[in-house]
Every structure is written in structure tokens, then in C-alpha cells.
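Heads up: the structure comes next, in C-alpha cells.
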Amino acid sequence: METQLLAKESARAAIVEMGHTLIAKNLVAGSWGNISCRIDEQSIAITPSGRGYELLEPEDVVLIDREGAVLEGKRIPSSELKVHTAIYNAYPEAGAVIHTHSIYASALSAMHQDVPAIIEDIVQIIGGRVYCAEYALCGTQELADKTVAALRGRKAALLANHGAVCWGKNLQEALLVAEILEKAAQIAVICAGTGGKVYELSTEDADIMHDFYEKHYSKRQQGEE
Ligand SMILES: [Zn+2]
């Protein structure tokens with residue numbers, strides 16, 4: 001799947017639609033969490049700060065540059081814009097970033113635990129174990145730096161005592177990552193609750209499965225293969 005960028009107005013509309021999807025899928029509540037997608041090399045569309053997804057209109061979506069400066073928009077950009085710009089700057093193939101406060105990912109983040117690579121879909125889509133970033137205050141550059149440090153080549157990281165952040169080549173892939181991450185976190189919590197031993201997939205098998213997804217399966221889903 002190649003990075004597929006949307007034109008400015010399409011990106012604004014797609015972000016509003018994704019906000020409704022995140023609410024419907026119970027991945028965020030109220031105005032928490034945030035969404036962005038890259039428009040071109042220099043500009044990013046991002047949700048505004050403190051605006052509920054139900055009320056969000058395309059013109060509320062703010063355009064920022066890769067350093068986080070506002071290029072266009074009447075609202076203040078998301079308070080977590082540093083996490084978003086840091087991910088785009090660290091992963092040039094990233095086309096979209098979704099930050100969720102989903103319940104099971106947040107539960108593991110409250111214990112500063114990783115999401116283990118115990119089910120095949122998490123390794124296929126995300127690449128393996130998803131690491132929990134060290135705690136930092138929300139909205140800070142420190143949180144952005146610790147998030148990038150925790151990604152370690154994955155498409156997701158947990159934010160300690162906070163939630164999760166996911167990226168994809170486009171908004172649809174970032175959503176898929178968020179859903180698979182939340183499912184894996186839920187399974188990890190269920191397993192922990194039973195007290196049984198959990199068997200993590202080997203790094204070798206995880207690499208094979210993730211490689212296959214990146215090379216073939218994601219392209220089939222896009223109708224490219
Ligand atoms: Zn948050």
C-alpha cells in the first residue's frame with residue numbers, strides 16, 4: 001500500500017468522517033483523541049482542540065506545517081500536534097495518525113505495559129509487540145519524543161497513563177491499526193485475568209507475517225494486486 005495523500009478539502013472531510021467512525025467504534029469519547037493526515041510534503045490536516053466530533057465541520061479542521069505552525073484554519077490545532085508532527089518527521093511513509101483513548105489500550109498504558117505480540121493480526125498489521133512509551137505530560141514535546149522512541153518501527157505505541165497512537169499510510173490503515181491494537185490489548189487483559197501463561201509469537205514469525213502483509217496483503221485489500 002503506497003502512501004495516498006488527499007487534496008486539502010477531501011482531507012478535511014475525511015477527518016470529520018473519521019471522527020464519527022472513532023466515536024461509533026468506541027475508540028474515543030467526547031473531544032478526546034485526535035486525527036491527522038498529510039496533504040503533501042509540507043502540510044498536514046489535523047483536528048482542532050476541544051471540539052466534539054459530533055459538532056466537527058470540515059472548516060474546523062486546521063492545516064499545519066511539519067513543525068506544527070498553523071497554515072490555515074480558524075481554530076486552534078489539537079494540543080497533541082507535537083506527537084503527530086514527530087511521527088510524520090520520523091516515518092516519511094506515514095500518511096495519517098490517529099490518537100485514541102480506547103479502553104483496553106488505556107488499561108495496559110495505566111500499568112505501563114506493552115501490548116504483547118500474541119495474536120497474528122497484531123504482528124501482521126502493526127509489526128509485533130507494541131511498546132508503552134515512558135510517561136510524559138500530555139501536549140509536551142517530551143511526550144512526542146518518548147512516543148517516537150517507543151514506536152521502534154511499529155505502527156503504534158501506547159502512551160503511559162493516557163492511551164494509544166497509531167499511524168498508517170492513509171486514514172483507513174491508521175484506523176485498522178487502532179482497531180487491531182485495541183483488540184490485541186483486550187485479549188492481553190483477558191489472558192492476564194485468567195492467570196494463564198501467554199505465549200508470545202517469535203520475532204522471526206512476526207517478521208515473516210508482517211513482511212507478507214506489507215508486500216502483498218495490504219495491496220490486495222487496496223485492489224492493487
Ligand atoms: Zn490524548
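Just so you know, these numbers use all the heavy atoms, side chains as well, and skip hydrogens, waters and symmetry mates. For ligands, and for the atoms within them, numbers begin at 1 and follow the listed sequence.
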Given side chains that start at C-beta, do those of L27 and L175 come closer than 4.5 Å, heavy atoms only?
yes
Give the ring-plane orientation class for H101 versus W32, where under 30° counts as parallel, over 60° as perpendicular and anything between as tilted.
tilted
Roughly how far, to the nearest 0.5 Å, is CG of L181 from CD1 of I98?
11.5 Å
Among all residues two or more places apart in sequence or in another chain, which pass the side-chain contact (heavy atoms from CB on, under 4.5 Å) test with R66?
R38, E41, Q42, I44, Y88, N89
Shell check on the Zn ion (ligand 1): protein N, O or S atoms less than 2.8 Å away are H99 NE2, H101 NE2, H162 NE2
Show which residues join I39 in its hydrophobic cluster (side-chain heavy-atom contacts under 4.5 Å, direct or indirect), or state none.
L63, L71
Sequence neighbours excluded, which residues qualify as side chain to side chain donor-acceptor pair (under 3.5 Å) partners of D211?
K215
